Amino acid sequence: MKKLPFIIIAAVTAAIVAGAATRSSKNDIVRNLDIFNAVYKNLQTAYVDTIDADKSINTAISAMLNEIDPYTEYIPEQEQEEFMTISTGEYGGIGAYIGARDGKVFISEPREGTPSQRAGLKPGDVFLTIDGDSVTTLSSDKISKMLRGQAGTRVRMSVRRPYGSSTLQDTVLNFDFTREKIDINPVPYYGVVRDNIGYIQLTTFNDKAFQKVRDALVELRKDPRVKSIVLDLRNNGGGLLESAVQIVGLFVPKGTEVVRTRGKGMINEKIYKTTQKPIDTEIPLAVLINNSSASASEIVSGSLQDLDRAVIVGERSFGKGLVQSTRSLPYNGLMKVTIAKYYIPSGRLIQAIDYSHRNPDGTVARIPDSLTTVWHTRAGREVRDGGGITPDLKGDYPEGNRLVYNIVRDGWSFDFANRYVAHNPDAGSVEDFEITDTIFSRFKKSIDPAKFKYDRACEVVLDQLEKSAKTEGYLNDSVQARIDDLRKILHHDLEHDLDLNRQLIADYLGPELAQRYWGERGSIIQTLKNDQDVDSAARILQDPARYRAILSPVKK
């Protein structure tokens, strides 16, 4: 009985959506809205239990919008802070990333130059109280909201700093902060890598992205060592379309078409061209992407690919070719609605999922490669639509490793880094830092075999082999003996497995330690030391003939 309001509201809402999807007349829409209004009015007046108006209506709205696409959403006034943070790149707070594990919410990283970092908060500090109220049972979302607020206001908190050693015991610390306006820097790092490559990492397309990328590019070009540029858009989920167009404009002539958007009917088509003088239209350029590069990241990488201006390196991108705009609603609400699809210079739409055509059960799937269409870059190279941006050079990555996955997921590397740095406060320079035999040995000793759980692939396969042999009637004494022999040979030993995967573990452990010593910049520098995508880009950029061959016109 408790689900009755949702069922009725969702059903009526779905009817409204269905009407819109089939281009219902104005009278049909009015009729459906009248039905919805009457249903809800009757629920409020006749239903046996009290109905929460905000919850019911928000549920109905969500049910309706979920039938459209994941990007069209209603944002009530109380949920707009995060949305505004993404678009403006700033918020009021103490400037710390937080995480949760084993029922505890903790500081995962105090951001450089913010109140949290200046006051001395450290990764691993567990929240106990905020403004005198216990928060030990609250979620990370609720604690995050409590920490945010108008710049200039104060917030008090206590944390427990866990080290769990005989010399450094757990400590309860108290902090008193004044919230500040926290700016999200979309370019957390730029510098010279692989001797002569200018590297720029762009993490989001907010309203500061263009200027930050421009400043980084200008500074890098002043360095006589820099002969080429890598723009890293991996894990960049997008942002403002206008910022994407401006950033492309740094590398192509003024007046170049970057993208065009099409809404309902050709009358709603809008063409975006670069409007400013570029910084450098000739310097060799590579763009790094992965399957989390989306939206504005795909506009930048896709248009530079279509214009034969950059070599794209990495994994196929996410495939989001839809444009959203915000509309004001009554009572200070906002609606983010998909208003158009965007098309990059070759004419292709890279949207990977067609939300207007669903399976009978309501699910959606990516467009198969066999159904995509071939388009051509300015030089005549073949590119495809309907599935994100396919890189010119695909990355060669190691297979997923359950041992390393569990080390990271369960916080073994995170906790070790906290303890190690507390005992070893000096580490020299980030450029010279590495995971030595001593550090790795200490890490291995920090793992409790009784608590560490991971999938032992060989043992799982042998268990399945034994079960299948028994089911199919082959498990006689001879077969059982051979399986038992294999168990002895392939028996997992944790220390052996850790040594076998040392490099993969170091790739995660190194940045964790570097972050404690040198902040976000140090963590990025450490990550770049063994970055396979950067290595791949470097091999192309440092080989002019190969670079030109990838981007050269196709011979007829």
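Because the structure is a prediction, the values reported are computed rather than measured. Each residue takes its place number in the sequence, starting with 1.
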Between F106 and F414, is a side-chain contact (heavy atoms from CB on, under 4.5 Å) present by the stated rule, with each step listed? CA-CA 12 Å; F106 54 87; F414 181 86; 3.7 Å; yes
So, are [X] and [Y] salt-bridged, with charged N and O less than 4.0 Å apart?
| X | Y | value |
| --- | --- | --- |
| R381 | D392 | yes |
| R118 | E180 | yes |
| E257 | K273 | no |
| D308 | R378 | no |
| R316 | D369 | yes |
| K41 | D34 | no |
| D232 | R234 | yes |
| E269 | R260 | yes |
| D183 | K212 | no |
| K122 | D125 | no |

Taking the ring of Y40 and the ring of Y47, is the distance between their centroids below 6.0 Å?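 For Y47 and Y40, the ring centres are not under 6.0 Å apart.
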Can you tell which of P345, S346, P253 makes a side chain to side chain contact (heavy atoms under 4.5 Å, CB included) with L307? P345
I247 and side chain to side chain contact (heavy atoms under 4.5 Å, CB included): which single residue from L304, V213, V258 fits?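 Among L304, V213, V258, the one meeting side chain to side chain contact (heavy atoms under 4.5 Å, CB included) with I247 is V213.
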Identify the two heavy atoms, one from [X] and one from [Y], that lie closest to each other, and give their separation to 0.1 Å.
| X | Y | answer |
| --- | --- | --- |
| G95 | T114 | O-OG1, 3.0 Å |
| T390 | Q305 | O-NE2, 3.0 Å |
| T274 | V248 | CG2-C, 4.4 Å |

Any heavy-atom pair between the side chains of K254 and K277 that's under 4.5 Å? no
Any heavy-atom pair between the side chains of P391 and V313 that's under 4.5 Å? no
Give me the one residue out of T373, D385, D306 that meets side chain to side chain donor-acceptor pair (under 3.5 Å) with R348.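 Running side chain to side chain donor-acceptor pair (under 3.5 Å) over T373, D385, D306 with R348 returns exactly one hit, D306.
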Using only heavy-atom distances, determine whether the side chains of D141 and S139 contain a donor-acceptor pair under 3.5 Å. no
Donor-acceptor contact below 3.5 Å, side chain [X] vs main chain [Y]:
| X | Y | value |
| --- | --- | --- |
| N66 | S62 | yes |
| T129 | G132 | no |
| Q526 | P511 | no |

Ring geometry between Y355 and Y71 (parallel below 30°, tilted from 30 to 60°, perpendicular above 60°): perpendicular
